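The structure displayed is predicted, hence computed values, not measured ones.
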Amino acid sequence: TLDGRHVELLVLGIGGIPIAQKTAEGIGFQSTAAGVVKIYGPPTAETVPRDGQRNMIYDELGIDFQVFVTGRVNELRIFKPGTARSIWRF
């Protein structure tokens with residue numbers, strides 16, 4: 001939260017902890033990056049927070065899939081659609 005009162009970003013699966021939650025389209029922990037693109041199309045942006053990781057950001061949907069070097073989703077991040085640039089630099 002930026003103001004101490006409102007959630008700006010909800011992270012599911014922090015540190016690779018398996019989670020059961022999936023999107024309505026069935027994308028979740030350990031889904032493949034190729035599967036994400038097949039369902040959602042190309043991301044609005046991709047960032048590389050550190051070696052072996054990449055964020056597939058879908059700004060218009062308000063969801064980010066963090067993918068590890070294995071090519072599988074490790075974390076899901078939910079945010080208010082249209083606010084990705086206030087969270088990530090791209």
### Message
For the CG atom of Asp64 and the CG atom of Leu9, what is their distance to the nearest 0.5 Å?
### Response
8.0 Å
### Message
Is the shortest side-chain heavy-atom distance between Tyr40 and Glu25 below 4.5 Å?
### Response
yes
### Query
Rounded to the nearest 0.5 Å, how far does NZ of Lys22 lie from CG of Leu12?
13.5 Å
### Message
Test your reading of the model: is there a side-chain donor-acceptor pair from Asn74 to the backbone of Phe68, 3.5 Å cut-off?
### Response
no
### Message
Tell me the closest heavy-atom pair linking Gln66 and Pro49, and the distance in Å.
### Response
NE2-CG, 3.9 Å
### Heavy-atom side-chain contact between Met56 and Val67 under 4.5 Å
yes
### Query
Checking Thr83 side chain against Ser86 main chain: does a donor-acceptor pair fall under 3.5 Å?
no
### Message
Using the rule that Ile, Leu, Val, Met, Phe, Trp and Tyr join whenever any side-chain heavy atoms are under 4.5 Å apart, tell me whether Leu10 and Phe65 fall into a single cluster.
### Response
yes
#### Entry: Co-membership, hydrophobic cluster, residues Val11 and Val73, 4.5 Å side-chain
no
#### Entry: Heavy-atom donor-acceptor pair, Tyr58 side chain to Pro81 backbone, under 3.5 Å
no
### Message
Is there a side-chain contact between Gln53 and Val69 in this structure, where contact means two heavy atoms from C-beta onward sitting under 4.5 Å apart?
### Response
no
### Query
How would you list all residue pairs meeting salt bridge (Lys or Arg N to Asp or Glu O under 4.0 Å) that involve residues 67-76, not counting sequence neighbours?
Glu75-Arg77
### Message
Can you give me the closest heavy-atom contact between Gly26 and Ser31, atom names plus distance?
### Response
O-OG, 4.0 Å
#### Entry: Heavy-atom pair of closest approach, residues Ile27 and Leu76
O-CD2, 4.1 Å
### Query
Which heavy-atom pair separates Thr47 from Arg89 by the least distance, and what is that distance?
CG2-O, 3.7 Å
### Query
Same cluster for Ile39 and Ile78 if Ile/Leu/Val/Met/Phe/Trp/Tyr side chains link at under 4.5 Å?
yes
### Hphob cluster co-occupancy, Ile19 + Ile14, side-chain heavy atoms under 4.5 angstrom
no
### Task
State yes or no: do Leu61 and Phe79 share one hydrophobic cluster built from I, L, V, M, F, W and Y residues joined by side-chain heavy-atom distances below 4.5 Å, directly or via other members?
no
#### Entry: Sequence-distant partners of Glu46, salt bridge (Lys or Arg N to Asp or Glu O under 4.0 Å), two or more places apart
Arg54
#### Entry: Side chain to side chain, Ile63 and Thr23, heavy atoms closer than 4.5 Å
yes
